[in-house]
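To start, the structure under review is shown below, and the notes come after it.
If you're wondering where the values come from, they're calculated on a predicted model, not measured in any experiment.
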Amino acid sequence: MLYRHCIPKCIWMLQRWLQIGQEKKNKIAQQILHQFLSKRITKSKDMEESHSCLLKELIMKGGLEKDEMVENEKYIRDAAVNLLLAGNGTISSGLCWFFWLVSTHPNVEAKIIQEIKDNCENQEEDFITYLSVEKLDKLLYLHGAIYETMRLYPTVPLHHNCANKSDVLPS
């Protein structure tokens with residue numbers, strides 16, 4: 001994406017149309033990624049109910065039946081690509097700030113730990129494997145702490161937006 005911001009649009013559009021240079025590499029990489037995700041989505045659909053993963057949560061979002069899941073495979077794939085490509089830097093940055101803030105505020109850390117102990121009663125040997133969206137929805141203090149971290153230290157402090165043409169507001 002940085003390449004497209006540095007090179008004039010007419011150049012990379014021409015490269016994409018001719019299937020040469022960086023645009024050819026991008027297309028091949030996109031095809032490989034889509035094939036990989038299609039295999040993982042198919043495998044996630046067939047997994048046992050006890051095991052949970054991000055793809056399975058995307059598949060089950062909205063309580064879809066098996067027939068409806070096939071129709072939404074493109075949506076699931078696109079959501080997974082978005083999380084993989086756009087989410088890696090922002091998530092790691094956000095988590096770094098979150099853990100730094102929690103480590104510098106021991107009272108907040110204690111409240112988060114107590115909330116997890118209170119709301120996640122089933123203390124299985126492998127807690128993370130059996131963690132579900134329903135259990136996470138109960139962690140309101142943790143949710144608030146994450147949102148406060150994002151407010152104080154936004155993961156995307158500079159979001160490049162520009163107007164296509166000038167506009168005049170009615171007032």
Side-chain angles (χ1 to χ4, degrees), residues 1-45 52-105 108 112 132-134 136-171:
M1 298 313 292
L2 179 63
Y3 172 81
R4 286 187 175 181
H5 284 287
C6 296
I7 304 297
K9 185 177 180 180
C10 60
I11 301 292
W12 67 258
M13 292 286 282
L14 180 64
Q15 286 182 341
R16 187 170 66 178
W17 183 68
L18 294 173
Q19 293 298 306
I20 59 173
Q22 186 65 39
E23 292 299 316
K24 181 179 180 180
K25 291 177 186 177
N26 289 350
K27 184 176 182 178
I28 292 169
Q30 183 181 25
Q31 289 171 345
I32 292 169
L33 181 61
H34 286 183
Q35 288 172 356
F36 170 76
L37 287 173
S38 293
K39 288 177 187 175
R40 295 299 308 158
I41 290 168
T42 302
K43 191 172 183 178
S44 292
K45 287 178 187 177
S52 182
C53 71
L54 183 60
L55 276 177
K56 188 154 186 124
E57 292 298 330
L58 285 172
I59 290 168
M60 294 304 189
K61 185 179 178 186
L64 300 174
E65 298 296 324
K66 292 275 186 192
D67 299 336
E68 294 172 313
M69 286 185 220
V70 176
E71 296 172 10
N72 292 322
E73 190 166 322
K74 184 181 182 314
Y75 165 77
I76 295 164
R77 187 194 69 213
D78 290 346
V81 167
N82 187 30
L83 288 170
L84 286 171
L85 298 180
N88 65 4
T90 55
I91 290 171
S92 63
S93 173
L95 285 174
C96 285
W97 281 115
F98 172 75
F99 287 121
W100 179 78
L101 282 172
V102 169
S103 69
T104 57
H105 296 85
V108 173
I112 290 172
S132 66
V133 175
E134 292 79 23
L136 289 174
D137 282 341
K138 296 178 184 177
L139 305 177
L140 298 177
Y141 195 85
L142 175 63
H143 184 86
I146 292 171
Y147 269 76
E148 184 64 8
T149 301
M150 290 169 43
R151 184 186 71 79
L152 292 171
Y153 301 99
T155 56
V156 185
L158 177 65
H159 185 69
H160 178 71
N161 283 334
C162 59
N164 290 335
K165 59 182 181 177
S166 296
D167 194 10
V168 178
L169 297 174
S171 61

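Here the shortest heavy-atom pairing between I112 and Y141 reads CG1-CD2, 3.7 Å. Considering all non-hydrogen atoms of both residues, T155 and T90 come closest at CG2-O, 3.2 Å. Of all non-hydrogen atoms in F98 and L142, the two that sit nearest each other are CZ-CD1, 3.6 Å.
We find the CE-CH2 distance between M150 and W97 to be 15.0 Å, quoted to the nearest 0.5 Å. Interatomic distance, N82 CG to D78 CG, rounded to the nearest 0.5 Å: 8.5 Å. Here NZ of K27 is found 13.0 Å from CD1 of I32. Values are rounded to the nearest 0.5 Å. With rounding to the nearest 0.5 Å, the separation of CD in E148 from NE2 in H105 is 10.0 Å. Distance CG/D137 to NE2/H143: 9.0 Å, rounded to 0.5 Å. In this structure, NZ in K25 is found 9.5 Å from OH in Y3, a value given to the nearest 0.5 Å.
Between the side chains of N26 and Q22, a donor-acceptor pair is found at a separation under 3.5 Å.
Looking only at side-chain heavy atoms (C-beta outward), L18 and E23 stay at 4.5 Å or farther from each other.
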**Report entry** Evaluation steps, side-chain contact (heavy atoms from CB on, under 4.5 Å), between L33 and V81
**Finding:** CA-CA 8 Å; L33 181 61; V81 167; 3.9 Å; yes

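Sparse packing is recorded around CZ of F36, with 12 or fewer heavy atoms of other residues, nucleotides or ligands lying under 6.0 Å away.
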